[in-house]
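FYI, side chains are in, hydrogens and waters are out, and symmetry mates aren't considered; it's all heavy atoms of this structure. Quick note on labels: first sequence line is chain A, next is B, and so on, each numbered from 1.
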Protein chains: 2
Amino acid sequence: MATMQDVARAAGVSAMTVSNVINGHPKVSEATREKVLQAMARLDYRVNVSARNLRKGRTGTIGLAVPEVDSPYYGRLAAAIIAAAAPRGLRVAIEQTYALRDSELEALALSRNRLYDGLILSTVGMGPQDTEWLTMDHPVVILGERIFGGPVDHVAMPNVEASRAATLHLLERGCRRVAFVSGTVGEEVDVSSLRHTGYRQALEEAGLPQDPELHRRLTAFSMAEGARCARDMVESGLDFDGVFCVTDTVAMGVLRGLADAGVRVPEQVKVMGFDDVPESGFLVPSLSTVDPDHDTMAERAVSLLVRRIERTGARPEPEEFVSRFTVVARESTGGPA
Amino acid sequence: MATMQDVARAAGVSAMTVSNVINGHPKVSEATREKVLQAMARLDYRVNVSARNLRKGRTGTIGLAVPEVDSPYYGRLAAAIIAAAAPRGLRVAIEQTYALRDSELEALALSRNRLYDGLILSTVGMGPQDTEWLTMDHPVVILGERIFGGPVDHVAMPNVEASRAATLHLLERGCRRVAFVSGTVGEEVDVSSLRHTGYRQALEEAGLPQDPELHRRLTAFSMAEGARCARDMVESGLDFDGVFCVTDTVAMGVLRGLADAGVRVPEQVKVMGFDDVPESGFLVPSLSTVDPDHDTMAERAVSLLVRRIERTGARPEPEEFVSRFTVVARESTGGPA
DNA sequence: TTGTAAGCGTTATCAT
DNA sequence: ATGATAACGCTTACAA
């Protein structure tokens, strides 16, 4: 395979001139440029990206670590991040972590090995106790709920506020016994806990009791688990007229589980999701949800990362960006206002 | 940032020994290994992947070029390919081509620049006339319908056979006026044309007429287009009792469109998709479809690629792999047998 | 405008 | 078991 030297020889110039032609430097005469271009074509020359990367100290690739890419939410997010990175000349390599702490730490390690110029890390398995791994000596942006106030940039959703609004929406539509379907809620700062807080705030504001029976737990944020949980709610004789689901994916399962149990939505039970994934508007009934503005989050995550990658002077202070949200009323809560 | 030389100096050994420790070569005494490990920790040493790549002539990354990653089908495929690549020590970088021919060619060019060790390319925009770009001098596996008999490995679905089976399934369930929803069907070898062929074969076998009115066209394989198309079919007064959709994504839209038009599925119209994406089993009604065995396709695509990446001797002959398929009967065609 | 020289950080080869 | 040397292919200075 031809190298730059080979091209230089064939064109009767130096390697430097070939490099200048390739990189579009202005100080190359039209004649030499032509000669070089022809030699390149003749030899079917291809730049060696590895050599260039070594020399430049950059790879032109950022890493994106997410639990899995075949979920409506992370798929949507990945697409938005790839789209935001492209105009900046950055490629995106995706690591699937399967929500495992060790895989998330591994992605961090790979990025620090300068495999990537920077990393966008969706923390699900890692928690606040892992803050020590987040050093500012390499560009990292955290995307998600689990780590706040660390030494790195952070892009998050307005979980509490949006969940409060989602629950209030169900109450406005007449629900009085609203179930909340999520993972385990505890001390930690995670999606389930944050969204549960918003849910509780809404009930409190409305002066409704907090019945622990209404809080249902999943072992995974999957459609299958959502369906199982919904069937379980009906079969156990739970009295409920609304369900707020921790994600749209779970809500899709809940809709299915309610159908299995013969419960009509929205007549008997109203259902609310969170994320506004592309599918939600096309379900039957279409799913009411919260739109957290994925594109802005993705754009912001990439721009924060690029700021660090390209920084010349002092390290910028860690920044926290929280997106805006919109409640989207669809059929599963009785349709648009 | 510490280099291998720095570590070597700190440990009082040569860079070569450090390299041997890092790469787990057997010929290192326990004492030296320990010394080196400590020096590495002390200096917070990180290998420079770019330097390694240059030296080795490999990047450890393969490219995956797909139209977009936020569709149930390509998301599912990408996840399977990442999973198949991981145990082989390969990372996957995703390029979104948006089904554009130029972007697909660009992905090919990047891979040939040794940005990737090889490329899995889902051809949608490129066609048979682009075969010239597919040279065997760099590992490439084509995934999809548009290019057959080229000089590179190819992993495909049994489009005609599976579509025939899908259509026959609708006929077995009592449909007599089966519509086909796809993109434009023409001379070219693409998903729409191949699946249309299977559809026609089934009608022919059953002795049913081929009514051109029953073939409906989309401008994109999206849920929105599927919904529009379904509403259009009903509003135009088309007489039909079954719909075979070119993909599950389109079928999700069709289900929505039929609901909008007040048509009940499966009582009045039965609906069949193609792909068996994760969502299909959870829709209401759940979607009957064809399972093309994504995991096997992904596994095969990766193993064909790896065979070329790691080949030492002569170039293997181009291979063509066609997956098996299964018809999955769900509620949208009246439920499991 | 073009060329020369040096070096990015690693590893394969060959000695010792 | 360890080390010296020489690339891998490119680009940043600097010189001409």
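- Summarising the geometry, atom CG belonging to B:Leu37 is positioned 11.5 Å from atom CZ belonging to B:Arg42; distances are rounded to the nearest 0.5 Å.
- Near DNA chain C, defined here as any heavy-atom distance below 4.0 Å, the residues from residues 55-63 of chain A are A:Arg55, listed numerically.
- Within a heavy-atom distance below 4.0 Å of DNA chain D, the residues of residues 24-37 of chain B found are B:Lys27, B:Val28, B:Ser29, B:Thr32.
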Could you give the side-chain donor-acceptor pairs of residues 14-23 of chain A under 3.5 Å, partners two or more places apart or in another chain?
| unit_1 | atom_1 | unit_2 | atom_2 | d |
| --- | --- | --- | --- | --- |
| A:Ser14 | OG | A:Met16 | N | 3.3 |
| A:Ser14 | OG | A:Thr17 | N | 3.4 |
| A:Ser14 | OG | A:Thr17 | OG1 | 3.4 |
| A:Ser19 | OG | A:Asn23 | ND2 | 3.3 |
| A:Asn20 | ND2 | A:Met16 | O | 3.4 |
| A:Asn23 | ND2 | A:Ser19 | O | 2.8 |

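- Between the B:Ser122 side chain and the B:Gly144 main chain, no donor and acceptor come within less than 3.5 Å of each other.
- Taking CD of B:Glu145 as the start and CG of B:Asn159 as the end, the distance is 4.5 Å to the nearest 0.5 Å.
- Rounding to the nearest 0.5 Å places CD1 of A:Ile120 at 5.5 Å from CG of A:Leu305.
- Sorted by first and then second residue, the side chain to side chain donor-acceptor pair (under 3.5 Å) pairs with a member in residues 54-63 of chain B read B:Thr59-B:Asp117; sequence neighbours excluded.
- One atom, CE of A:Met1, and another, C1' of D:dC10, lie 15 Å apart when rounded to the nearest Å.
- Near DNA chain D, defined here as any heavy-atom distance below 4.0 Å, there are no residues from residues 41-52 of chain B.
- Checked by atom type and distance alone, the side chain of A:Gln96 pairs as donor or acceptor with a backbone atom of B:Ala79 at under 3.5 Å.
- When rounded to the nearest whole Å, the span between CE of B:Met4 and P of D:dG3 equals 13 Å.
- The list of ring pair (Phe, Tyr, Trp, His ring centres under 6.0 Å) pairs with a residue in residues 68-94 of chain A, not counting sequence neighbours, reads A:Tyr73-A:His294.
- Between the side chain of A:Glu320 and the backbone N or O of A:Asp153 there is no donor-acceptor pair closer than 3.5 Å.
- If you check residues 15-23 of chain A against DNA chain C, the residues with a heavy atom closer than 4.0 Å are A:Met16, A:Thr17, listed by number.
- The local environment of CD in A:Glu317 is sparse, with at most 12 non-hydrogen atoms from other residues, nucleotides or ligands closer than 6.0 Å.
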Checklist line | Residue pair A:Arg76, A:Asp275: steps toward the salt bridge (charged side-chain N to carboxylate O under 4.0 Å, His left out) verdict | finding: CA-CA 10 Å; A:Arg76 173 78 179 76; A:Asp275 281 344; over 6 Å; no
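- Evaluation of the side-chain contact (heavy atoms from CB on, under 4.5 Å) rule for B:Val189 yields B:Phe148, B:Leu194 as partners, not counting sequence neighbours.
- Pairs of residues two or more places apart, or lying in two chains, that qualify as side chain to side chain donor-acceptor pair (under 3.5 Å) and include a residue from residues 104-114 of chain A are A:Ser111-A:His138.
- Pairs passing the ring pair (Phe, Tyr, Trp, His ring centres under 6.0 Å) check and including a residue from residues 32-59 of chain B, sequence neighbours excluded, do not occur.
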Can you name the atoms? Protein N/O to nucleotides 14-16 of chain D N/O, anything below 3.5 Å, with the distance.
none

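- Using modelled atom types, no side-chain atom of A:Arg46 and backbone atom of A:Met1 make a donor-acceptor pair closer than 3.5 Å.
- Here the CD1 atom belonging to A:Ile142 is positioned 5.0 Å from the OG1 atom belonging to A:Thr123, to the nearest 0.5 angstrom.
- By the 4.0 Å N-to-carboxylate-O rule, B:Asp293 lies too far from B:Arg300 to be salt-bridged with it.
- Salt-bridge formation is not detected for the pair A:Arg315/A:Asp137: no Lys NZ or Arg NE/NH1/NH2 atom is positioned less than 4.0 Å from an Asp or Glu carboxylate oxygen.
- Distance CD (A:Gln5) to C1' (D:dT11): 12 Å, rounded to an integer number of Å.
- Extent of DNA chain C lying under 4.0 Å from chain A heavy atoms, first and last nucleotide in 5' to 3' order, is C:dT1 to C:dG9.
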